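Predicted, not measured: the structure shown is a model, and the values here were computed from it.
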Amino acid sequence: DDHKGFSVVVPLGGAALIYFGAQHLKRVKEITAFALQMIREDGKIDAGQLAHRMGMSEVDVRVCLAESQRKGVIPFKADIV
């Protein structure tokens with residue numbers, strides 16, 4: 001039957017989406033926690049330092065910070081350098 005392969009691929013694809021979605025949320029939470037710590041200690045968020053600490057690009061860090069701002073976790077008035 002030609003549909004057997006499809007019935008295996010769909011659940012695996014769903015599992016992969018769930019896994020990578022969970023990884024993204026975990027990474028955003030971690031970045032947000034470090035960013036809030038930077039605000040408390042330095043009064044600003046150093047995106048370059050945060051990117052280095054997380055081992056990812058500064059652009060990706062800034063995207064995660066923007067997501068946290070939209071969710072109301074990081075204040076919009078926070079100084080991101």
Pairs where residues 48-69 contributes a residue and the test salt bridge (charged side-chain N to carboxylate O under 4.0 Å, His left out) is met, not counting sequence neighbours: Glu58-Arg62, Glu67-Lys71

Mind checking who shares a hydrophobic cluster with Ile39, ILVMFWY linked at side-chain heavy-atom distances under 4.5 Å? Ile31, Phe34, Leu36, Met38, Ile45, Leu50, Met54, Met56, Val61, Leu65, Val73, Ile74, Ile80

Value for OG (Ser57) from NE2 (His52), rounded to nearest 0.5 Å, stands at 14.0 Å

With the side chain counted from C-beta on, respond yes when Cys64 and Thr32 share a heavy-atom pair under 4.5 Å apart, and no when they do not. no

Connecting only ILVMFWY residues whose side-chain heavy atoms lie within less than 4.5 Å of each other, what is the rest of Val81's hydrophobic cluster? none

I need the Gln23 CD to Ile18 CD1 distance, nearest 0.5 Å. 13.0 Å

Under 3.5 Å donor-acceptor, Asp42 side chain and Lys44 backbone: no

